[in-house]
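First up is the structure itself, then whatever we jot down about it.
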Amino acid sequence: MKALPVEPSNAPIAIGPHIRAARQAHRMTIGQVAEATGLTKGFLSRVERDLTSPSVASLVTLCQVLSISIGDLFAAPETHHSRWDESPHVSLGGTGIDERLVTARSERRLQVIRAVVEPHGRGESELYTVDCEVEVLHVASGRFTLMLSNEDYELSAGDTVTFPGREPHSWSNPWDEEAVVLWTLVHPSSGAWPEREI
C-alpha cells in the first residue's frame, strides 16, 4: 500500500495568541512577564504577535512562568461542530416546547439549549430552579415571558435576561406566534449536568 505523498508544510505554527491568552489568564502584563523571565518587553510583544520565534530555552522559561506546557502551545484547539438535525432532544419540563442541546454533549462548563416554543406553550405551574451558576435567556424570535419569583419579564426578539441559576422561575408564550429562545447554562467547575429542582 502506498503512502500518500504529503509534502511537509513550511507554514509557521502560530503560538503567539496562545502565549498572550495564557498571560492574560494569569492577569499579567508584558512587563511582569519580562521581569519574571528576564526577556525584554519588546521581544515578548513580538513573540505574542508571531513576529519572531523564541529559542527553546526562552520558550521553556516562558511556559514555566505562565504555568503552561510547551505541548499546549502546539495542540490543535478542541472544537465541536453541532448540526441542528443531529442535536439531542432534552426536556426541562413544560408543554408545547421542543428543546435541543446545541453544544457538545461532552461540554460541561456551559450548555446552550435552543427551544422552539409553540403559541401558548408554557412551563411548569410551580417555579423551578436549575443546578447551575448562571442562566442566560435570549429571545431569538417571537415574544416570551420569563416568570421569576418577584417579577415577570415580557421579552421580545433580541432581549436577554441574565439571572442566578438557582433563582426559581418558569416561562410562557401566551401569544399566537412561535418563539425561539436560547437558554445558556453556566455550570460550576464540577461540571455536572443540570438537575431541575421543584
Side-chain angles (χ1 to χ4, degrees), residues 17-18 20-29 66-68 72 75-198:
H18 297 288
R20 182 186 306 113
R23 174 177 62 78
Q24 291 172 340
H26 285 285
R27 301 193 188 316
M28 295 178 75
T29 65
L66 297 175
S67 302
I68 57 174
D72 290 343
E78 188 177 327
T79 58
H80 180 83
H81 176 195
S82 297
R83 296 188 181 278
W84 172 246
D85 56 353
E86 297 170 2
S87 296
H89 291 271
V90 296
S91 177
L92 294 177
T95 58
I97 185 169
D98 177 22
E99 299 168 292
R100 294 192 190 192
L101 178 67
V102 295
T103 44
R105 290 176 191 256
S106 59
E107 178 58 68
R108 294 296 184 228
R109 294 163 294 184
L110 69 81
Q111 290 160 321
V112 177
I113 297 169
R114 182 179 186 267
V116 178
V117 187
E118 298 172 3
H120 308 288
R122 61 184 304 104
E124 303 290 337
S125 55
E126 296 282 332
L127 300 183
Y128 64 90
T129 62
V130 176
D131 185 17
C132 65
E133 292 292 314
V134 178
E135 275 192 72
V136 181
L137 168 66
H138 175 76
V139 180
S141 66
R143 292 182 290 172
F144 195 75
T145 299
L146 175 66
M147 297 168 286
L148 300 180
S149 55
N150 60 345
E151 188 173 357
D152 291 354
Y153 292 87
E154 288 192 6
L155 308 171
S156 299
D159 290 351
T160 304
V161 179
T162 304
F163 57 98
R166 293 206 174 255
E167 175 67 27
H169 64 281
S170 193
W171 53 268
S172 71
N173 176 13
W175 293 280
D176 293 328
E177 60 182 310
E178 180 181 270
V180 176
V181 300
L182 297 171
W183 296 97
T184 301
L185 310 176
V186 182
H187 298 293
S189 56
S190 63
W193 175 258
E195 294 179 5
R196 289 188 52 211
E197 297 176 2
I198 298 178

With side chains defined as the heavy atoms from C-beta onward, is the minimum distance between Val181 and Arg114 less than 4.5 Å? no

Taking Thr103 for its side chain and Val112 for its backbone only, find out whether a donor-acceptor pair lies under 3.5 Å. yes

To the nearest 0.5 Å, how far apart are NE2 in His18 and CG in Leu66? 13.5 Å

Does anything in residues 81-102 form a ring pair (Phe, Tyr, Trp, His ring centres under 6.0 Å)? List the pairs, not counting sequence neighbours. none

Those residues that, when tested against Phe163, pass ring-ring contact (aromatic ring centres under 6.0 Å, His included) (two or more places apart): His169

Value rounded to 0.5 Å, distance of CD in Glu135 from CG in Leu110: 12.5 Å

Mind checking salt bridge (Lys or Arg N to Asp or Glu O under 4.0 Å) for Arg143 and listing every partner two or more places apart, or none if nothing turns up? Glu177

Listed partners of Glu107 passing salt bridge (Lys or Arg N to Asp or Glu O under 4.0 Å), at least two apart: Arg109

Test side-chain contact (heavy atoms from CB on, under 4.5 Å) on Leu127 and Ser170 and set out the steps. CA-CA 5 Å; Leu127 300 183; Ser170 193; 3.9 Å; yes

Min side-chain heavy-atom separation Pro168-Thr129 under 4.5 Å: yes

Could you tell me the separation between the NE2 atom of His120 and the OG1 atom of Thr95, rounded to the nearest 0.5 Å? 11.5 Å

Which pair of non-hydrogen atoms, one from Asp159 and one from Glu154, has the smallest distance, and what is that distance? OD2-O, 4.4 Å

Measuring from atom CZ of Arg100 to atom CD1 of Ile113, what distance do you get when rounded to the nearest 0.5 angstrom? 13.0 Å

So do the side chains of His187 and Val134 get within less than 4.5 Å of each other, counting heavy atoms only? no

Where at least one partner belongs to residues 133-157, residue pairs that pass ring pair (Phe, Tyr, Trp, His ring centres under 6.0 Å), sequence neighbours excluded: Phe144-Trp171

Under 4.5 Å between any side-chain heavy atoms of His80 and Ser106, yes or no? no

Smallest separation among heavy atoms of Ser172 and Arg122, with atom names: CB-NH1, 3.8 Å

Work out which heavy atom in Trp175 is nearest to a heavy atom in Thr145; give both atom names and the distance. CH2-OG1, 3.3 Å

Salt bridge (Lys or Arg N to Asp or Glu O under 4.0 Å) involving Arg23 - partner list, sequence neighbours excluded: Glu48

Between Glu124 and Gly94, the two heavy atoms sitting closest are OE2-N, 3.2 Å

Which atom pair, heavy atoms only, marks the closest approach of Val117 to Asn173? O-ND2, 3.4 Å

Taking Val102's backbone N and O only, do any of them form a donor-acceptor pair with Ser82's side chain (distance below 3.5 Å, no angle check)? yes

Quick check: closest heavy atoms across Ser87 and Leu101, and the distance to 0.1 Å? CB-O, 3.3 Å

Can you measure from CG (Leu182) to CG (Leu137) and round to the nearest 0.5 angstrom? 8.5 Å

